[in-house]
Student: 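Have a look at this one before I ask anything.
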Amino acid sequence: IAARTTVRRIAPTTFTRSMITITEGVEFDTIAREWRCKWSADNDKASLAAAQKALEEVADELKKIDGVKGVTRTVCGGCLDFKVATSLEADKFGAWEEAKFAPEETFLEKLKAIDGITVVETQTFTLMPV
């Protein structure tokens with residue numbers, strides 16, 4: 001029995017939205033807001049489990065933000081990082097910023113109340129595929 005391979009050609013993606021230029025050659029169309037903290041391995045990683053639960057409580061709200069492109073969670077077991085990044089279309093980011101990145105304040109307060117969570121921070125940055 002001979003194997004057959006089917007190849008489907010997919011049209012290239014075209015971006016019609018204009019890019020924002022930081023400097024020559026550095027453009028972007030996506031802005032992300034990151035919430036991050038350090039967790040403790042103590043007590044069978046209870047602080048990590050609690051941080052995950054806090055994220056689950058706001059995840060649906062994040063996914064409904066106008067212009068959201070994605071919500072990701074990053075966990076590093078070596079440096080004990082817990083990070084949540086919400087990326088939006090650049091032209092929609094300002095409205096979320098005006099809304100104080102809701103539900104950021106609620107989520108960060110939940111993190112700060114968890115025993116074993118330290119260094120709660122935020123950062124805004126741009127994203128662009130290379």
Student: How about R33 and Q123: does a side-chain donor come under 3.5 Å of a side-chain acceptor?
Tutor: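 On atom types as modelled, these side chains do not qualify, holding no pair under 3.5 Å.
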Student: Which value, rounded to the nearest 0.5 Å, describes the distance between E27 atom CD and T126 atom OG1?
Tutor: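 Output value for this atom pair is 11.0 Å.
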Student: Looking at every non-hydrogen atom in both residues, tell me the closest pair between K92 and G67 and how far apart they are.
Tutor: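 Scanning both residues completely, I find the closest heavy atoms to be CG-CA, 3.7 Å.
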Student: Give me the atom names and distance for the closest heavy-atom approach of F125 to A85.
Tutor: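 In this case the closest contact between F125 and A85 is CZ-CB, 4.5 Å.
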Student: In terms of relative ring orientation, are F101 and W96 parallel, tilted or perpendicular, with 30° and 60° separating the classes?
Tutor: perpendicular
Student: Starting at OG1 of T122, measure out to CD of E104 and round the result to the nearest 0.5 Å.
Tutor: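 One gets 5.0 Å once the value is rounded to the nearest 0.5 Å.
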Student: Provide the closest heavy-atom pair for F93 versus A32 in the form atom of the first, atom of the second, distance.
Tutor: CE1-C, 4.3 Å
Student: Nearest 0.5 Å, please: how far is CD in E89 from CD1 in I65?
Tutor: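 Between atom CD1 of I65 and atom CD of E89 there are 12.5 Å.
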Student: Provide the closest heavy-atom pair for S40 versus S47 in the form atom of the first, atom of the second, distance.
Tutor: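 Scanning both residues, the minimum pair turns out to be N-OG, 2.9 Å.
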Student: With C37, which of L108, L80, L48, I117 fulfils side-chain contact (heavy atoms from CB on, under 4.5 Å)?
Tutor: I117
Student: Between D66 and L88, which heavy-atom pair has the shortest distance, and what is it?
Tutor: O-CD2, 3.6 Å
Student: For the pair M19 and M128, evaluate side-chain contact (heavy atoms from CB on, under 4.5 Å) and give the outcome as yes or no after the intermediate values.
Tutor: CA-CA 10 Å; M19 300 288 180; M128 195 65 201; 3.3 Å; yes
Student: Would you sort out whether V84 and T72 count as a side-chain contact (heavy atoms from CB on, under 4.5 Å), showing the intermediate values?
Tutor: CA-CA 6 Å; V84 178; T72 60; over 6 Å; no
Student: Counting heavy atoms not belonging to K38, are there more than 12 under 6.0 Å from its NZ?
Tutor: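 Yes, the 6.0 Å shell around NZ holds more than 12 heavy atoms from other groups.
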Student: What's the separation between atom CH2 in W39 and atom CG in D115, rounded to the nearest 0.5 Å?
Tutor: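 With rounding to 0.5 Å, CH2 (W39) is 14.5 Å from CG (D115).
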Student: As an exercise, state the distance from SG of C76 to CZ of F82, rounded to the nearest 0.5 Å.
Tutor: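 It comes to 13.0 Å.
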Student: For a quick test of reading the model, state the closest non-hydrogen atom pair linking A51 to F107 and the distance between them.
Tutor: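 That would be O-CE1, 4.3 Å.
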Student: Could you go through E121 and V119, starting from their C-alpha distance and side-chain angles, then the distance that decides it, and tell me whether this counts as side-chain contact (heavy atoms from CB on, under 4.5 Å)?
Tutor: CA-CA 6 Å; E121 299 175 322; V119 194; 3.7 Å; yes
Student: Checking salt bridge (charged side-chain N to carboxylate O under 4.0 Å, His left out) for the pair R36/D81: CA distance, chi angles, key distance, verdict?
Tutor: CA-CA 7 Å; R36 63 179 177 249; D81 282 338; over 6 Å; no
Student: If I take atom CG from residue D29 and atom CG from residue L127, how far apart are they, to the nearest 0.5 angstrom?
Tutor: 9.0 Å
Student: For a quick check under 3.5 Å, do K69 and S87 share a side-chain donor-acceptor pair by atom type?
Tutor: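 No, S87 and K69 have no side-chain donor paired with an acceptor closer than 3.5 Å.
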Student: Taking atom CD of E105 as the centre, does the number of heavy atoms from other residues, nucleotides or ligands within less than 6.0 Å exceed 12?
Tutor: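 Count not over threshold, so no.
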